[in-house]
Each structure stands twice: as C-alpha cells, then as structure tokens.
Number of protein chains: 2
Amino acid sequence: MFTERFLRHRRGVHLEIEERARLETAIGEIKTLPPRTNVVVAGEELSQSILLLEGFMSRYIDDRNGLRQLVAVHVPGDFVDLHAFPLKILDHDVATMTAATVAIVPHSALETITQDLPALSRKLWFSTLIDAAIHRAWLFRLGRLDAVGRVAHFISETNVRLMSAGLSDGRRFALGLIQSDLAEICGLTNVHINRVLRQLREERLCVFRSSLVEILDPEKLAAVGQFNPAYLYIDLQSAEVPSSCPRPIT
Amino acid sequence: MFTERFLRHRRGVHLEIEERARLETAIGEIKTLPPRTNVVVAGEELSQSILLLEGFMSRYIDDRNGLRQLVAVHVPGDFVDLHAFPLKILDHDVATMTAATVAIVPHSALETITQDLPALSRKLWFSTLIDAAIHRAWLFRLGRLDAVGRVAHFISETNVRLMSAGLSDGRRFALGLIQSDLAEICGLTNVHINRVLRQLREERLCVFRSSLVEILDPEKLAAVGQFNPAYLYIDLQSAEVPSSCPRPIT
DNA sequence: CAATCGTGATGACACAGGTTAATTTACGAT
DNA sequence: ATCGTAAATTAACCTGTGTCATCACGATTG
C-alpha cells in the first residue's frame, strides 16, 4: 500500500478503499533518489507527479544571488507536486533533502481519474489546497514572527505533520535537515539559526540535531511560534501512537 | 457577463463559451459590499464562494497581538475563496479592502459542475493553484527581499495582474490600498513603508498614492523586486491595452 | 595517517528596520 | 467653511539580525 499515508487523518476527505486502490494502480514506478537531488526544474513541462513515500523533499525559489527560499517541505504521504497536473509547468524547483523513495504517477493516469471519479478528483484537489494552506502559515511565519518564533513554528508544524504520518510520537522525530536548511526555510542566516537553536536548547523548549529533533515542551514551543494547527486539517483523534518513530537514546 | 475576467489571459486554460455560460448560471446573487468589511471568518463552515467583480479584497491571518499578515490581495476576476469549496472551513479571514461588487456562487452549483464537467472542474482547480503560486512568490518576497524589494515586487505583481484584468495600462492603475495595507502585505511597519515609498519616489521608480499608483520605470522596479511574472501564468500577448484604466492627470 | 570538507559554534561589529512620538496633510461630515 | 478623524510624514533612538571571521569536530577520502 504505497498510498497508505496519503490524506491520512485529513478532516473530511477519508479515502474509500476503491479510491485508494484506484490511486495505487495509477502509480507507474517506484524510485529511490539520493539526497540533495533536483527532480523538477522551474519552467519545464511535466507529464508526471511524485508521491513521497519515504524521506524528505523541498520546493524552493532561487534569488538573483544564488540564495534560495524554501516554499515547502514535504514529508512521507505528501503528493509533492500534484499541482503540476493542472499547471503543467511549475514556478519553482523540487528536490530531495534526504534520500527518498517516491512513487511516480503519470498525468495520463490522473486524467482518467478526473474523467471517471469526481469524488476522488475532489480529494486530490483538496490535497493541493492543504499545501496552499501551509504556504499561508509560512507567510504568517515570515511576516509576523521573529527568529525564535519562526523556528518554533516550523518545528511545531513539522511535528504535527509527522505525527499524522506516524513518524513522530509528539516529542521526538527524525528529520534529515541541517541548520542551513532551517535558514532557507525561515528566511534567516545559518549563523542566526545557530543562535536561535542554542536559545531554544537553553530554554529547554527543544533540541534540534540533524538526525533527531526532540521537543522538550511542546505547548510552550507552540506558544512561542504562535502555532495553531487548524490549517493542517488534521484530525489526530484517530491517530494511534506509532511504534516506528525514533526512540530516546537512553 | 459577470465571469468575463475570470481566468482571462491565463495560459492553457481558455474557457469555452459553454463553460463560461455554465459558470454564469452558477451565480446565485450579485452583492455590493462596503470597504473594510469582513466576509469570511476563519473556522466557520461555508456553503458558498465569492467571485470578485469590482474592487479589491484581502485574505489575512491575525497574530496574538492583533496585528495581521495579509496572505493574498484579490483583484477583479479572482475567485477569492474558491478553495472553500473543497476545504469547507478556512484557516484565515476574508475581507474587502475597498468597496466591492461580488458574485456569490453556492457550492451546490459547483457540486453539479464537478459531476458533469471534468474539464471545467480542472480549470477551477487550476485557478486555486494560481493563488498557491502567488503565495509562493509572496514567501520569496518575505524570505529573501529587503524592504524596498518587497514593495517593488508587490507593485510589479499587482501591475501585471491588473493589466490582465484590463485595469492597468502597464504604468498606472487605481488601487484602494493605504500605506498600512502595504505594511501588512510586506511584513513591515507602516513607518518603514513610508520611508520605502519615499525612496521609490526619489529614485523615480514609482509613486504610490492610495488613489493612484504610477510606475515610472517598470523594468527597474521589477529588477529591484527580482520580479519574474512566470508564476502568474498570464499570457499578455493577447491582452489589449485597456481604455478603462486611469488616465494621467496632465 | 594526513588532508579535506561539510557542519556546527561563537565573537565583534554593522546596519536595516522597529519603536515611539510629534507634526502635518487630506478629506468626509456637518 | 470648519471641524474631526484617518492617513501620511518625519525625527531620534534602539534592537534584532546580518556580516565577517575564526575555530572545532567528525566523516570521508587519498
């Protein structure tokens, strides 16, 4: 079941068994990608989209000086560039952050789904709109929060998304990002990200290491980042505590 | 023809005559709204969406201290909260900025369109994805540009969008925004927006007044804002110079 | 085993933009 | 016309974050 994490715990869009099966058959190929690999370049015409199964991916826009602004981070279960199906050409690049396993879905297969299954089509549409809602939360983060708030907000968001994917127990998760990734996410320099991480550590809110993120005080961290998870449309009532997330190194 | 500006000049999604007619019949009611009026509140369930006919609207997220971050500005022709059709509940508020005329489209009418007309449904989907692309450009603006660049980017973007709507001749357009709106768009204070506007005026790039924005040097302004219009998916080849945009006050 | 490179950590200093407050201008209401 | 209020403008000062530079550590690689 490659699609098992897709739209999981998403409020109001439960996938029926037949719908999930139909998506499974739409998958053309499973691929493993090395870390830090570009998979989509802005401006090129696309005929397929990527469902992320394992690992982390990013979408970003380059500026004139070669710096980049990340506009999205994707976790397992995300249909990373489904928006390329209607748009055909993207305005940004897509790359792996860590090693990743992906399912390739040809647009021709999505085409037949939109012809036959309006209900499933609507759920695909919905999933692209969650990405847009996350964009808006990121706008809030960049426009209204200071450096500490931005990092706290991002870590809180990622924690909830990974809980929904069964990859965090609510306090501890693996994330293959380095400090300069955080800088490109939060619109800060890596020097300042380093200062912020030290502060979060010293205030016993959260410890960020590339291999493992540990949230010591989830409520306070969320408060510092003014994080309100409503925009994720996740209903964690139904989420079991996973067994597969990283354990403390006691 | 209330829908005449919807998806106009949008690359690859030309609306057929029958499709446009179908959208027209989906309209329930035409309303006029006063300036600075809230029309959607975050968290409330919605059963209709708004097509903007005249005026300007915004979408925004409040922070803890009552400050707000605008996440979108809408111009005539935009289907402002079409994303509420799949999402049902929004993560942000929607309000008019100026006086506005809107067409109300009940979700039940959209429902039948998605049942009957997959091609039109895809174009509706497309239009919500343009909003997402604009979100990403705004992320770039907030994350990577300094104050002058942010304002230059926003004005350049708005100019192109209004050209497509037939409301700018490429150098001059009416926009009912005040300086503190710009502040809430660009993640700055209104005091600093004022400094930036003076600089843009003194460098003869652009003159911003609430009633009229005049771009003296569009190319240089776009360069300062690192503005690349590709993300708008507008094909202005087919755009005629409008007669309805504001004339110089010679 | 040394050399290299990616990543993280830290200090000194600079500056863009925030804060506060006062003043001026524009404009709708009466 | 005149008043009242919202918006725009400007100045003085302050602070959060950027810039630049250096060093430490661990993982590769030759």
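Worth knowing before you read on, the calculation uses all heavy atoms, side chains too, and leaves out hydrogens, waters and symmetry mates. Naming convention: chains lettered A, B, ... in sequence-line order (proteins, then strands); numbering from 1 in each chain.
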message: In terms of relative ring orientation, are A:H153 and A:Y231 parallel, tilted or perpendicular, with 30° and 60° separating the classes?
response: parallel
- prompt: Over how many whole Å does the gap from A:L188 atom CG to D:dG16 atom C1' extend?
  reply: 10 Å
- request: Taking B:Q69 for its side chain and B:E184 for its backbone only, find out whether a donor-acceptor pair lies under 3.5 Å.
  value: yes
query: For A:R36 and C:dG6, what is the distance between atoms CZ and P respectively, to the nearest whole Å?
result: 12 Å
task: Calculate the interatomic distance between B:I193 atom CD1 and D:dT10 atom P; express it in whole Å.
output: 15 Å
task: Round to the nearest Å and state the distance from B:L182 atom CG to D:dT9 atom C1'.
output: 15 Å
Phosphate OP1/OP2 of C:dG17: any B:T189 side-chain N/O under 4.0 Å: no
- prompt: Tell me: CG of A:L197 to C1' of C:dT10, nearest whole Å?
  reply: 14 Å
message: Ignoring hydrogens and geometry beyond distance, is a side-chain donor-acceptor pair present between B:N194 and B:Q179 at under 3.5 Å?
response: yes
- request: Would you please confirm or rule out a distance under 4.0 Å between OP1 or OP2 of C:dG6 and any side-chain N or O of A:Q179?
  value: no
- request: Kindly say if B:N194 contacts the phosphate of D:dT9, meaning a side-chain N or O under 4.0 Å from OP1 or OP2.
  value: yes
- request: For A:N190, answer base if it contacts any base atom (sugar-phosphate contacts may also be present), sugar-phosphate if it contacts only those atoms, and nothing otherwise; contact means non-hydrogen atoms under 4.0 Å.
  value: nothing
Approximate separation, where rounding is to 0.5 Å, of B:L221 CG and B:I215 CD1: 5.5 Å
field: Distance, rounded to the nearest Å, where A:R150 contributes CZ and D:dG16 contributes C1'
entry: 10 Å
Donor-acceptor pair present, A:R195 side chain and C:dG8 base, under 3.5 Å: no
- request: Starting from P on D:dT10, measure out to CD on B:Q199 and report it in whole angstrom.
  value: 13 Å
statement: Out of D:dT10, C:dG17, C:dT7, minimum distance to the side chain of B:V191 belongs to D:dT10
query: Rounding to a whole Å, what distance do you find between A:I178:CD1 and C:dC5:P?
result: 17 Å
- request: Report yes if at least one side-chain N or O of B:R198 is closer than 4.0 Å to OP1 or OP2 of D:dT10; otherwise report no.
  value: yes
- request: Keeping the roles fixed (side chain from B:T158, backbone from B:I155), state whether a donor-acceptor pair exists under 3.5 Å.
  value: no
